[in-house]
Amino acid sequence: MATIIYTLALVLFVVDLSYFGKVACDNSALGASFIFGDSLVDAGNNNYLPTLSKANIKPNGIDFKASGGNPTGRYTNGRTIGDIVGEELGQPNYAHPFLSPNTTGKAILYGVNYASGGGGIMNGTGRIFVNRLGMDIQIDYFAITRKQFDKLLGASQARDYIMKKSIFSITIGANDFLNNYLLPVLSIGARISESPDAFIDDMLSHFRDQLTRLYKMDARKFVIGNVGPIGCIPYQKTINQLSENECVGLANKLAVQYNGRLKDLLAQLNENLPGATFVLANVYDMVMELITNYEKYGFTTSSKACCGNGGQFAGIIPCGPTSTLCEDRSKHVFWDPYHPSEAANVIIAKKLLDGDTKYISPVNLRQLRDL
């Protein structure tokens with residue numbers, strides 16, 4: 001159930017362990033992929049939490065070849081955007097979820113996934129799901145991983161590997177609006193006491209501190225997705241009884257407002273944190289392009305969820321065993337009421353890998369890898 005599709009996460013290329021010794025001199029290879037964020041990039045952490053936000057039930061993962069079509073905890077029918085990006089860059093394995101018992105020893109050299117469905121920048125975000133890992137906790141967990149790298153590689157090589165060869169991808173923010181500030185009933189008090197400007201100020205102040213914490217632990221290459229058009233997802237269109245071509249104005253307005261301020265924040269961090277590169281993925285425009293011009297990309301709908309129940313757009317009840325399932329999953333932009341289909345993820349991933357500065361700036365992912 002989860003979080004909304006639009007924030008963006010990117011699993012980046014990691015090398016096979018047998019080639020680990022070559023990494024230091026091979027500029028075409030990345031070291032570890034460290035993934036933070038929400039349900040778009042949760043590869044199974046929520047499987048290990050007592051939470052209402054889970055995707056380890058069928059038909060989730062029905063097209064995920066690595067699991068034979070079984071659910072893994074990914075909130076989509078197949079690969080996430082991060083999975084696709086990783087394959088394009090030659091990744092032999094996906095980063096392990098931090099909470100998985102298999103995430104030990106040399107396995108972490110591929111990278112670690114800390115993302116959690118329902119997570120947000122603010123610690124109160126997603127409390128409707130009972131349990132989830134917010135961004136602060138995810139960074140606490142990275143601090144544990146960071147010490148493990150020193151033990152595996154030695155302090156000097158670990159620092160070099162993380163600073164020069166690894167990428168930190170962060171997809172967060174949408175839940176802070178949809179499952180916090182805009183959440184019916186639970187957020188009324190917050191909205192009375194805090195204006196949208198003040199809430200966004202609070203978000204960005206927390207986010208600045210979080211990114212700086214990662215920098216102090218040797219993170220240098222960052223990919224950060226902005227918040228997409230959250231007013232256009234099937235869930236929002238359904239509960240607000242909108243027509244096919246309408247979106248919820250307030251939700252999108254808040255996303256645009258936050259995105260403008262996020263762009264300024266990343267520009268400041270690029271100036272003030274020596275050696276760091278903060279790349280902004282313009283998820284809002286990427287997803288809006290798919291929604292608006294869906295036929296151009298081979299889809300038959302950008303309004304109706306492929307898997308879900310309730311209302312005109314199957315947008316009320318999350319995807320599960322009793323859900324209505326569309327006949328052709330490749331023809332839907334949205335897999336469920338919140339998240340994109342694999343077919344949409346493929347298109348978005350290509351824009352991230354090779355797109356121009358309209359969609360990803362100041363460099364795209366291939367260029368970031370080679371910095």
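Just so you know, residue 1 is the first one in the sequence shown, and it goes up from there. What you see is a predicted model; the values in this text were computed from it and never measured.
Under a 3.5 Å cut-off, the side chain of Ser100 and the backbone N or O of His96 do not form any donor-acceptor pair. In terms of modelled atom types and a separation under 3.5 Å, the side chain of Lys331 and the main chain of Phe299 share no donor-acceptor contact.
Between atom CD of residue Gln210 and atom CD1 of residue Ile172 there is a gap of 7.5 Å, rounded to the nearest 0.5 Å. In this structure, CG on Leu49 lies 6.0 Å from CG on Asn131, to the nearest 0.5 angstrom. How far NE2 of His332 is from CD of Glu342: 15.0 Å, rounded to the nearest 0.5 Å. Distance CG/Leu109 to NZ/Lys165: 14.0 Å, rounded to 0.5 Å. To the nearest 0.5 Å, atom CG of residue Asn45 and atom OH of residue Tyr114 are 9.5 Å apart. Met122 CE to Arg127 CZ: the interatomic distance, rounded to the nearest 0.5 Å, is 11.0 Å.
A centroid separation of 6.0 Å or more is found between the aromatic rings of Phe334 and Phe313.
Under the 4.5 Å side-chain heavy-atom criterion for grouping Ile, Leu, Val, Met, Phe, Trp and Tyr, Phe34 is connected to Leu153 within one hydrophobic cluster.
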- Query: Taking it one step at a time, do Lys358 and Asp285 satisfy salt bridge (Lys or Arg N to Asp or Glu O under 4.0 Å)?
  - Reply: CA-CA 8 Å; Lys358 176 183 178 182; Asp285 283 353; 5.9 Å; no
Steps toward salt bridge (Lys or Arg N to Asp or Glu O under 4.0 Å) verdict (Arg261, Asp201):
CA-CA 9 Å; Arg261 301 276 303 281; Asp201 278 345; 2.3 Å; yes
Could you go step by step and tell me if Asp336 and His339 meet the side chain to side chain donor-acceptor pair (under 3.5 Å) rule?
CA-CA 6 Å; Asp336 66 10; His339 306 94; 2.9 Å; yes
Could you walk me through whether Cys326 and Cys307 pass disulfide bond (SG atoms under 2.5 Å apart), step by step? CA-CA 7 Å; Cys326 66; Cys307 181; over 6 Å; no
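Inter-residue side-chain proximity for Leu204 and Tyr258 is flagged as met; some heavy-atom pair is nearer than 4.5 Å. Using a 4.5 Å cut-off on side-chain heavy atoms (C-beta onward), Tyr94 and Ser33 make no contact. Counting only heavy atoms from C-beta outward, the side chains of Leu178 and Gln236 approach each other to under 4.5 Å. Residues Leu290 and Ile348 are in side-chain contact: their nearest non-hydrogen atoms beyond the backbone lie under 4.5 Å apart. The shortest side-chain heavy-atom distance between Asn270 and Phe222 does not fall under the 4.5 Å cut-off.
Residues Glu289 and Tyr297 have side chains that bring a donor and an acceptor to within less than 3.5 angstrom of each other. With 3.5 Å as the limit, one finds a donor-acceptor pair spanning the side chains of Tyr75 and Ser53. Under 3.5 Å, the side chains of Thr76 and Arg74 contain no donor-acceptor pair of N or O atoms. No side-chain donor-acceptor contact under 3.5 Å links Asn175 and Asn180. Side-chain contact check for Asp328 and Ser330: at least one donor-acceptor pair (N or O, by modelled atom type) lies under 3.5 Å.
Remark: Asn259 pairs with no residue by the side chain to side chain donor-acceptor pair (under 3.5 Å) rule, at least two apart or across chains.
Atom NZ of Lys351 is surrounded by more than 12 heavy atoms from other residues, nucleotides or ligands within 6.0 Å.
Scanning all heavy atoms of the two residues, the minimum distance from Arg146 to Ala158 falls at NH1-CB, 4.0 Å.
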Do any side-chain atoms of residues 56-65 form donor-acceptor pairs under 3.5 angstrom with protein atoms, and if so which ones, sequence neighbours left out?
| residue | atom | partner | partner atom | Å |
| --- | --- | --- | --- | --- |
| Asn60 | OD1 | Trp335 | NE1 | 3.0 |
| Asn60 | ND2 | Ile57 | O | 3.1 |
| Asp63 | OD1 | Arg329 | NE | 3.4 |
| Asp63 | OD1 | Arg329 | NH2 | 2.9 |
| Asp63 | OD2 | Asn77 | ND2 | 2.7 |
| Asp63 | OD2 | Arg329 | NE | 2.6 |

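For Arg213 and Asp140, the salt-bridge test passes: some basic side-chain N is under 4.0 Å from an acidic carboxylate O. The existence of a salt bridge linking Asp354 and Arg366 is confirmed by a sub-4.0 Å separation between a basic side-chain nitrogen and an acidic carboxylate oxygen.
Each of Phe149, Tyr215, Phe98, Phe168 was compared with Phe142 under the ring-ring contact (aromatic ring centres under 6.0 Å, His included) criterion, and only Phe168 meets it.
When hydrophobic residues (I, L, V, M, F, W, Y) are linked wherever their side-chain heavy atoms come within less than 4.5 Å, the members clustered with Val248 are Leu242.
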